[in-house]
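Note on naming: letters A, B, ... go to the chains in the order of the sequence lines (proteins, then strands), and numbering restarts at 1 for each one.
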2 protein chains.
Amino acid sequence: MNIGDASARSGVSAKMIRYYEQTGLIPLAARTTSGYRNYADSDVHMLRFIARSRDLGFSISEITDLLDLWRNTDRRSADVKALAQARIQDLRHKITHLQDMADTLETLVRSCAGDERPDCPILHNLETEAFPASGRRSNHAGPHANINERITS
Amino acid sequence: MNIGDASARSGVSAKMIRYYEQTGLIPLAARTTSGYRNYADSDVHMLRFIARSRDLGFSISEITDLLDLWRNTDRRSADVKALAQARIQDLRHKITHLQDMADTLETLVRSCAGDERPDCPILHNLETEAFPASGRRSNHAGPHANINERITS
DNA sequence: TATGGGGCTTCCCATGATGGGAAGGTCAAG
DNA sequence: CTTGACCTTCCCATCATGGGAAGCCCCATA
């Protein structure tokens with residue numbers, strides 16, 4: 001089947017299928033004589049595996065590992081489990097961080113009259129609050145150190 | 001003071017100060033005769049406002065609005081409050097989504113023996129689970145529709 | 001058989017916030 | 001006056017994703 005069909009059946013856009021191929025996440029597709037990529041059901045299967053993993057928030061590099069385990073029938077289920085557990089840990093950290101931000105904002109919102117007058121404790125807080133140690137500074141991990149979350153809804 | 005001092009005092013990197021200037025978030029800095037950017041205490045103040053807002057997860061475009069309100073002494077505190085409340089809503093959505101992912105993974109992890117054998121319900125789930133409506137498809141909002149969260153720690 | 005439309009190919013560009021690094025000018029302390 | 005720290009601009013990279021152009025390919029229908 002062509003890339004369009006593989007896309008429709010797997011839920012991965014044609015653009016992304018080519019991208020995954022190009023970056024080595026998936027092997028080079030077979031080609032027809034005229035150059036069209038040609039996919040088998042097993043490829044769709046793999047693409048779905050990827051899609052589902054993305055939906056659960058795994059990064060591309062984590063999916064690389066998952067795919068390796070998936071294909072390796074000599075795998076230890078403990079290795080898969082460890083990957084999932086690391087992912088959960090990561091999610092918990094992010095949740096905590098978002099929760100902290102929400103709580104702070106909640107406190108500020110509660111203290112704001114929210115009327116026609118200009119006085120606003122929210123602005124006052126933003127204006128004067130100190131900026132103690134907070135990830136923004138000395139970010140030695142470079143940009144996008146797999147920190148951001150893909151939240152597509 | 002020079003950009004380095006403004007950076008140290010505000011907690012915003014020099015790179016980002018220039019970027020904010022370039023993108024119009026902050027006004028063009030004053031310059032010395034030799035071309036060095038020159039900052040006053042009030043500028044540092046503004047940069048801190050931005051840093052603090054970023055720490056609370058506001059996007060650049062939201063910060064643009066916050067800065068406008070901050071500078072506008074005729075503002076209605078209700079407008080500020082509305083911005084903060086929208087931000088909280090957004091955070092709650094993201095938290096829910098992350099929580100859902102974590103819960104699903106937790107269930108899978110619990111069902112996996114995690115031993116030397118290859119059988120693994122986690123892989124099995126990734127392999128076979130359907131891909132019903134989930135943001136990945138028909139993403140008409142384009143890439144980065146202000147969906148991702150800045151979590152720097 | 002010719003034509004048209006839709007699907008495929010590659011290639012380049014943009015996103016958003018951030019840092020890296022090069023090439024070259026400036027400044028203050030020694 | 002030299003040296004080293006700091007400043008300037010400019011370009012590049014990230015990561016996953018889509019947009020769009022230019023040019024083939026393939027099938028169905030006239």
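- Between the side chain of B:Ser10 and the main chain of B:Val44, no donor-acceptor pair closer than 3.5 Å is present.
- Rounded to an integer number of Å, the gap from CD of A:Gln22 to P of D:dA16 is 13 Å.
- Listed pair B:Tyr19 / C:dG16 fails the phosphate criterion, with no side-chain N or O lying under 4.0 Å from OP1 or OP2.
- With B:Arg75 contributing its side chain and B:Leu69 its backbone, the two residues share a donor-acceptor pair below 3.5 Å.
- Within the 4.0 Å cut-off from OP1 or OP2 of C:dT18, not a single side-chain nitrogen or oxygen of B:Ser13 is found.
- Rounded to whole Å, the distance from CD1 on B:Ile17 to P on D:dT8 is 9 Å.
- At whole-Å resolution of the value, CD1 in A:Ile3 and C1' in D:dC26 are 17 Å apart.
- The distance between atom CG of A:Asp5 and atom C1' of D:dC27, rounded to the nearest whole Å, is 14 Å.
- Between B:Leu25 atom CG and C:dT18 atom P the separation is 11 Å, expressed in whole Å.
- With values rounded to the nearest 0.5 angstrom, A:Thr96 atom OG1 is found 8.0 Å from A:Gln99 atom CD.
- What separates OH of A:Tyr20 from P of D:dA16 is a distance of 8 Å, to the nearest Å.
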Each nucleotide N or O in nucleotides 9-11 of chain D that has a protein N or O under 3.5 Å away: list the pair and distance.
from  : atom 1 : to      : atom 2 : distance (Å)
D:dT9 : OP1    : B:Arg31 : NH1    : 3.3
D:dT9 : OP1    : B:Arg31 : NH2    : 2.9
D:dT9 : OP2    : B:Arg37 : NH1    : 3.0
D:dT9 : OP2    : B:Arg37 : NH2    : 2.9

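- Using a distance-only test at 3.5 Å, with no hydrogens or angles considered, a donor-acceptor pair links the side chain of A:Ser7 to the main chain of A:Val12.
- Here the P atom of nucleotide D:dT8 and the CG atom of B:Leu28 are 12 Å apart, to the nearest Å.
- The nearest whole Å value for the distance from the CZ atom in A:Arg54 to the P atom in D:dG18 is 11 Å.
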Tell me, for nucleotides 24-30 of chain C in 5' to 3' order, what letter each nucleotide earns: B for a base near a protein heavy atom under 4.0 Å, S for only sugar-phosphate near one, - for neither?
-BBS---
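- By the side-chain contact (heavy atoms from CB on, under 4.5 Å) test, B:Ala40 pairs with B:Ser42, B:Asp43, sequence neighbours left out.
- The environment of B:Arg117 atom CZ is sparse: at most 12 non-hydrogen atoms of other residues, nucleotides or ligands sit within 6.0 angstrom.
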Show each protein N/O and nucleotides 1-3 of chain C N/O combination with a separation under 3.5 Å, one pair to a line.
none

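- With B:Thr64 contributing its side chain and B:Leu25 its backbone, the two residues share no donor-acceptor pair below 3.5 Å.
- Every residue two or more places apart in sequence or in another chain that forms a side-chain contact (heavy atoms from CB on, under 4.5 Å) with B:Ser34 is listed here: B:Thr32, B:Tyr36.
- Closest heavy-atom contact between A:Glu62 and A:Gly57: OE1-O, 4.2 Å.
- B:Arg87 contributes no side-chain N or O that, together with a main-chain N or O of B:Ser59, makes up a donor-acceptor pair within less than 3.5 Å.
- Taking A:Tyr39 as the reference, nothing meets the ring pair (Phe, Tyr, Trp, His ring centres under 6.0 Å) condition, with sequence neighbours excluded.
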